[in-house]
Amino acid sequence: MSKEDRNATERIKAMREQQAAAERRRRTLLVGGIVALVVAAIVGIAIAVQSGRNDVAVGSTAPAGVTADNGILRGKDSAPVSVVVYEDFQCPVCRAFEQNVGPTVTSYVDKGTVQIEYRPIAFLDSASTTNYSSRALATAACALDDGGPSVFQKLHDLLYVNQPGEGTAGLSDAQLADLAAQAGANKAAVTSCQSAGTYDGWVSRATDQASKDGVNGTPTYFVDGKQVTFSQGQDPKVTLTKLIDAAAGSR
């Protein structure tokens with residue numbers, strides 16, 4: 001293993017530990033907030049009934065081009081190997097993986113070997129002070145609906161390049177709209193979409209569905225329907241390459 005690969009592996013290991021710590025903090029906050037949530041639910045029940053009617057409408061809206069599994073496809077339908085990745089735009093490990101394995105996956109997509117399905121979710125709202133995970137994904141959905149998968153892909157990459165630090169406010173909606181415009185979306189359309197909360201319900205539904213499907217951390221990869229286990233001490237790029245090559249060779 002080269003020095004560069006060893007560094008990448010160590011960086012990913014460290015970031016996994018950071019995410020685990022963040023998740024532990026999230027669970028602590030959830031437990032500590034149960035009583036407050038119950039009181040708030042009683043006080044706000046009349047408001048909830050009315051807003052629930054609106055949530056049904058919002059929740060039924062999904063951006064154009066999303067699969068039945070809340071994914072965005074990249075690559076040819078005829079590709080022999082399917083790769084699925086659950087990711088969170090606030091997740092530092094997802095960013096590290098994208099830097100490490102992203103170019104490799106792209107090369108397989110360009111060769112027609114792999115079709116990748118991104119299934120972005122919002123697990124890590126508690127890792128920011130402004131629900132950044134949900135806001136970033138909702139903006140990505142707005143950009144997807146406006147500009148299609150190619151615009152989503154560019155914004156996907158920009159969101160990782162510009163990923164905010166854990167515990168910060170993250171990028172504002174205006175800054176997210178600027179990134180969407182940089183990716184090729186219509187800024188005015190994205191801003192309007194953000195303000196209306198057009199895909200807020202879809203973000204919640206996609207995240208809930210991932211939990212129901214047994215996804216409890218990000219990133220989570222599947223190759224041809226089988227979850228990938230990344231072993232400590234081994235470069236993730238090597239693991240994923242071996243699995244993709246084996247799947248392609250079996251066709």
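Since this is a predicted model, take the numbers as computed values, not measurements.
- Closest approach of V81 and A248 over heavy atoms only: CG2-N, 3.6 Å.
- Between the side chain of T220 and the backbone N or O of V215, no donor-acceptor pair lies under 3.5 Å.
- By the 4.5 Å heavy-atom criterion applied to side chains, D178 and Q182 are not counted as neighbours.
- Residue pairs meeting the ring-ring contact (aromatic ring centres under 6.0 Å, His included) criterion with at least one member in residues 130-151: none, sequence neighbours excluded.
- Here the straight-line distance linking atom SG of C91 with atom CD of E166 works out to 10.0 Å at 0.5 Å rounding.
- Here the side chain of D88 pairs a donor or acceptor atom with the backbone of L124 at under 3.5 angstrom.
- Proximity of P219 to V93: side-chain heavy atoms (C-beta onward) are separated by under 4.5 Å at one or more points.
- For the salt bridge (Lys or Arg N to Asp or Glu O under 4.0 Å) with R135, the qualifying choice from D125, D173, D200 is D173, the only one to do so.
- A donor-acceptor pair under 3.5 Å links the side-chain atoms of S107 to the main chain of T104, judged by distance alone.
- Remark: side-chain polar atoms of T168 are not paired, donor with acceptor, to backbone N or O of P164 under 3.5 angstrom.
- Note on ring orientation: taking the six-membered ring where Trp is involved, the planes of F89 and H156 are perpendicular (angle over 60°, cut-offs 30° and 60°).
- A donor-acceptor distance shorter than 3.5 angstrom exists from the side chain of T207 to the backbone of A122, with no hydrogens or angles considered.
- Under a 3.5 Å cut-off, the side chain of D69 and the backbone N or O of G71 do not form any donor-acceptor pair.
- Residues D245 and Y108 have side chains in contact (heavy-atom distance under 4.5 Å, counting atoms from C-beta outward).
- In this structure, a donor-acceptor pair under 3.5 Å is present between the side chains of Q209 and D213.
- The two atoms that bring D145 and A64 nearest to each other are OD1-N, 2.9 Å, heavy atoms only.
- W202 and Y199 have perpendicular rings, their planes meeting at more than 60° on a 0 to 90° scale where under 30° would count as parallel.
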Candidate pair F230 and F97, rule ring-ring contact (aromatic ring centres under 6.0 Å, His included), full reasoning: CA-CA 11 Å; F230 294 100; F97 265 68; 5.0 Å; yes
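- Side chains of Q115 and D77: a donor on one and an acceptor on the other come within 3.5 Å.
- Smallest separation of non-hydrogen atoms from A247 and V223: CB-CG1, 4.3 Å.
- Expressed to the nearest 0.5 Å, how far OG of S172 lies from CD of Q194 amounts to 8.5 Å.
- Put simply, the side chain of D146 never gets that close to the backbone of A189: no donor and acceptor are under 3.5 Å apart.
- The shortest side-chain heavy-atom distance between I116 and R74 falls under the 4.5 Å cut-off.
- Under the 4.5 Å side-chain heavy-atom criterion for grouping Ile, Leu, Val, Met, Phe, Trp and Tyr, L179 is not connected to V190 through any hydrophobic cluster.
- Put simply, CG on L155 and OG1 on T139 are 7.5 Å apart, with the number rounded to the nearest 0.5 Å.
- Listed for the Q234 side chain is no donor-acceptor partner under 3.5 Å among the backbone atoms of T239.
- L73 and V105 fall into different hydrophobic clusters, where Ile, Leu, Val, Met, Phe, Trp and Tyr are joined by side-chain heavy atoms under 4.5 Å apart, directly or via other members.
- When each of F222, Y221, Y86 is paired with Q227, the side chain to side chain contact (heavy atoms under 4.5 Å, CB included) condition holds for F222 and for no other.
- The backbone N or O of L158 sits less than 3.5 Å from a side-chain atom of N162, completing a donor-acceptor pair.
- Residues L144 and I72 form a side-chain contact, since some pair of their non-hydrogen atoms from C-beta on lies under 4.5 Å apart.
- With contacts defined as side-chain heavy-atom distances shorter than 4.5 Å, the pair Q163/L159 does not qualify.
- In this structure, the side chain of D224 engages the main chain of S82 through a donor-acceptor pair within 3.5 Å.
- Side-chain atoms of I121 and T218, non-hydrogen and from C-beta on, do get closer than 4.5 Å to each other.
- How far CD of Q90 is from OG of S126: 9.0 Å, rounded to the nearest 0.5 Å.
- Within a 6.0 Å radius of NZ in K111, more than 12 heavy atoms belonging to other residues, nucleotides or ligands are found.
- Between V114 and V83, the shortest heavy-atom distance links the atoms CG1-CG2, 3.8 Å.
- A donor-acceptor pair shorter than 3.5 Å cannot be found between the side chains of R95 and Y160.
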